Amino acid sequence: MKTFIYTATDVKGNTFKNQRMQAENVNEFLDKIHEKGLFCSAYKEAKGDEGKKLHKFKTKELSYDCRQMSAMMSSGLTLVRSLDIMTKEQTNEKTKAIYRDVYESVQKGTSFSDALKMQGDAYPNFYVSMIEAGEVSGNLDVIMKKLEDHYANEERLNRKIKSSLSYPIILVVLCLVLVVVMFTFIMPSFKDLLTEEDMNGLTGALFAFAENLTTYWYAYIIAIAVLVFVIRYVLKIPDVRMKFDKLKITMPAVGPLIVKIYTARFGSTLAALYSSGVSMVESLEKSANIVGNVYVAKCFETVVDEVKQGESLSVSIQRTGIFESMFTSIIYVGEESGALDSILLKSANFYQEESDEAITRLVGMIEPILIIFMGGAIGLCFVAILPAIYNAMGSIG
C-alpha cells in the first residue's frame, strides 16, 4: 500500500492541501479522489518517512481517546461530531493535526478506517482493523467500547511493568554508584598503609583496578556507551533477534513467566478481534505481531498457513510449543462447543491476572541477584583494604 500526498478542490471551491491517501497504485488513487467528488490539482507519492506522521499514538493516548470516543458515541453523538470534539480537545499540535485530517476526511465521505489508514503509522494496525470490523458490522460504538477495555488493560499492564521495575532500577543505579565510590574514593585512601607484600594477589589487583578507574574513568564511560550501541545494533540483525527472542521464552524459570505475559497479550488481542467479526486468519496475524516477539510471530506464520488449509486452531498452536497446554485446551473447548469467541474473552481475563503475577515473580527473581552483586562488590572492597586495616592496628599496638 502506497501513500499519496495531494492537493484537491471540492465542488464548492474549497481547497485541501497536503492531504494523505493510501492506494495500491496511481490509478486506484485517482479513482478514490474521483469517488470523493474532488478535483486533484497536484499529487505525489510519499517516499520513506514522508508518508508517515511525525506522531505515533501510544497505548496511554489510545486508552484515553477510546474512552472519550466510546462515551460520546454511546450517548448518541455521531461519529463526525465525536471526531470534531476530539480534535478540539487535543493539546498537542501533532495529535491535533492528525485528528483534524481524520475529521475532515470522514466529513467528506471517507470511511473512518480509511481515514485512519491515511495517517501512515500514527495508529496501530490492531486499532484500524477493529474500526474496520465495526464499520462492516454496523456496531462501531460497541467496537469502540471493546477498544477502550483493550487499551485500558494494556495500559494497566504497562504501568504494572514500569512500577515493578522501578525498585530493581534503583538497585542497579545504587550498585554502580557504590562500586564507583568504593574503588575511586575509599580504597585509594588506604593505599599508603599497605606494604609491598600486601599488594600481591587479589589486593594488588583490586587496587590496580581502582587506580585505573580513577585515571581513565572516561574510557570506561565510552566503553559502556559503545557496548550499549553494539548490543542494540546486533539485536536489529534478523537472525540474532530471532535467536534472542527464542531464548527469552525458553530460559529456565524466566521463560515460562514471560510466556504468561505473551499469552495475556495474544489472548486478549485475538479475543477482541475475533469477537468483533474479524476473520480468524487476520486475527491470528495481528495478534502474533502485537506480542512483540519475532520468534513467536515467525511461528505463527506456519499456524496461519495451517488454519487456511483447514487445520484445527488448537492443534496448530500446540505444535508451536510456545503457549502452555492449558491455553490450547481452552481453544479446543471453544472450537468444539462453537463458542470460541466467548471462551477466548474469558481466558483473556484469566491470563491478564496471570501476567500480573508473572511480572511480580520476575521482579522477585531480579532483586536477589542485584543484592548479591552489591554484597559481592562490598566484600571485594573489604578484602582489599583488610591488610591495610590490620597493619594500622598493628602500628597502634
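This one's a predicted model, so the numbers in the text were calculated from it and none came from an experiment. Start at 1 with the first residue, then count along the sequence.
Think of Leu345 as one node in a network of Ile, Leu, Val, Met, Phe, Trp and Tyr side chains linked at under 4.5 Å; it has no links at all. Here Ile221 is tied into one hydrophobic group with Tyr216, Trp217, Tyr218, each link being a pair of ILVMFWY side chains closer than 4.5 Å. Applying the 4.5 Å side-chain rule to ILVMFWY residues, one finds that Ile369 remains a lone member of its cluster.
In this structure, Asp114 contributes its side chain and Thr110 its backbone to no donor-acceptor pair below 3.5 Å. Counting only distance, with no hydrogens or angles, the side chain of Thr215 and the backbone of Asn212 share no donor-acceptor pair below 3.5 Å. In terms of modelled atom types and a separation under 3.5 Å, the side chain of Ser163 and the main chain of Arg159 share a donor-acceptor contact. Listed for the Thr95 side chain is a donor-acceptor partner under 3.5 Å among the backbone atoms of Asn92.
Residue Phe185 places its CZ atom among 12 or fewer non-hydrogen atoms of other residues, nucleotides or ligands, all under 6.0 Å distant.
Taking 4.5 Å as the limit, some side-chain heavy atom of Ser337 sits within range of a side-chain heavy atom of Ile343. Looking at Thr91 and Lys96, their side chains never come closer than 4.5 Å, going by heavy atoms from C-beta outward. In this structure, Tyr274 and Leu340 have side chains that are in contact, with non-hydrogen atoms separated by less than 4.5 Å. Leu157 is listed as a side-chain neighbour of Ile359, based on a closest heavy-atom distance under 4.5 Å.
Not counting sequence neighbours, Glu357 has no partner by the side chain to side chain donor-acceptor pair (under 3.5 Å) test. Judged as a side-chain contact (heavy atoms from CB on, under 4.5 Å), and not counting sequence neighbours, the contacts of Asn158 are Thr59, Glu155, Arg265. Residues satisfying the salt bridge (charged side-chain N to carboxylate O under 4.0 Å, His left out) criterion with Lys346, sequence neighbours excluded, are absent altogether. Partners of Leu257 according to the side-chain contact (heavy atoms from CB on, under 4.5 Å) rule, which considers only residues two or more places apart in sequence or in another chain, are Ala358, Arg361, Leu362, Met365. Remark: Glu154 pairs with no residue by the side chain to side chain donor-acceptor pair (under 3.5 Å) rule, at least two apart or across chains.
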Run the numbers on Ser312 and Glu335 for side-chain hydrogen bond (donor to acceptor under 3.5 Å, both in side chains), then give the verdict.
CA-CA 8 Å; Ser312 168; Glu335 289 177 314; 3.0 Å; yes
Give the intermediate values and the outcome of side-chain hydrogen bond (donor to acceptor under 3.5 Å, both in side chains) for residues Ser355 and Lys260.
CA-CA 5 Å; Ser355 66; Lys260 285 185 181 295; over 6 Å; no
Run the numbers on Ile98 and Lys94 for side-chain contact (heavy atoms from CB on, under 4.5 Å), then give the verdict.
CA-CA 6 Å; Ile98 291 174; Lys94 294 178 180 178; 5.6 Å; no
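Once rounded to the nearest 0.5 Å, the distance linking OG of Ser314 with CZ of Phe323 reads 13.5 Å. How far CG of Leu147 is from OG of Ser276: 7.5 Å, rounded to the nearest 0.5 Å. Rounding to the nearest 0.5 angstrom, the gap separating the CG atom in Leu313 from the OH atom in Tyr332 is 13.0 Å. How far OG of Ser347 is from CG of Leu270: 8.5 Å, rounded to the nearest 0.5 Å. Between the CG atom of Asn125 and the OG atom of Ser129 there is a distance of 6.0 Å, given to the nearest 0.5 Å. One finds the NZ atom of Lys286 at 7.5 Å from the CG atom of Leu273 (value rounded to the nearest 0.5 Å).
Using modelled atom types and a 3.5 Å distance limit, the side chains of Asp84 and Thr87 yield no donor-acceptor pair. Side-chain contact of Glu324 with Thr263: a donor-acceptor pair under 3.5 Å is absent, judged by distance alone.
Listed by first then second residue, pairs satisfying salt bridge (charged side-chain N to carboxylate O under 4.0 Å, His left out) with a partner in residues 131-142 read Lys117-Glu132, not counting sequence neighbours. Among residues at least two apart or in separate chains, ring-ring contact (aromatic ring centres under 6.0 Å, His included) pairs with a member in residues 339-372 are Phe327-Tyr351.
Between Lys146 and Asp149 there is no salt bridge, since no side-chain N of the basic residue sits under 4.0 Å from a carboxylate O of the acidic one.
Aromatic rings from Phe266 and Tyr262 are positioned such that their centres are separated by 6.0 Å or more.
When each of Met144, Met73, Glu89, Glu148 is tested with Gln68 by the rule side chain to side chain contact (heavy atoms under 4.5 Å, CB included), just one qualifies, namely Glu89.
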Please tabulate, for the side chains in residues 239-251, all donor-acceptor contacts under 3.5 angstrom to protein atoms that are two or more places apart in sequence or on a different chain.
unit_1	atom_1	unit_2	atom_2	d
Arg241	NE	Asp245	OD1	3.1
Arg241	NE	Asp245	OD2	3.2
Asp245	OD1	Lys248	NZ	3.4
Asp245	OD2	Val294	N	2.8
Thr250	OG1	Lys246	O	2.9
Thr250	OG1	Leu247	O	3.3

Got a list of side-chain donor-acceptor pairs under 3.5 Å for residues 300-308, not counting sequence neighbours?
unit_1	atom_1	unit_2	atom_2	d
Glu301	OE1	Lys298	NZ	3.4
Glu306	OE1	Ser316	OG	2.5
Glu306	OE1	Arg319	NH1	3.2

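Taking the six-membered ring where the residue is Trp, Tyr99 and Phe57 present perpendicular rings, their angle passing 60° and hence far from 30°.
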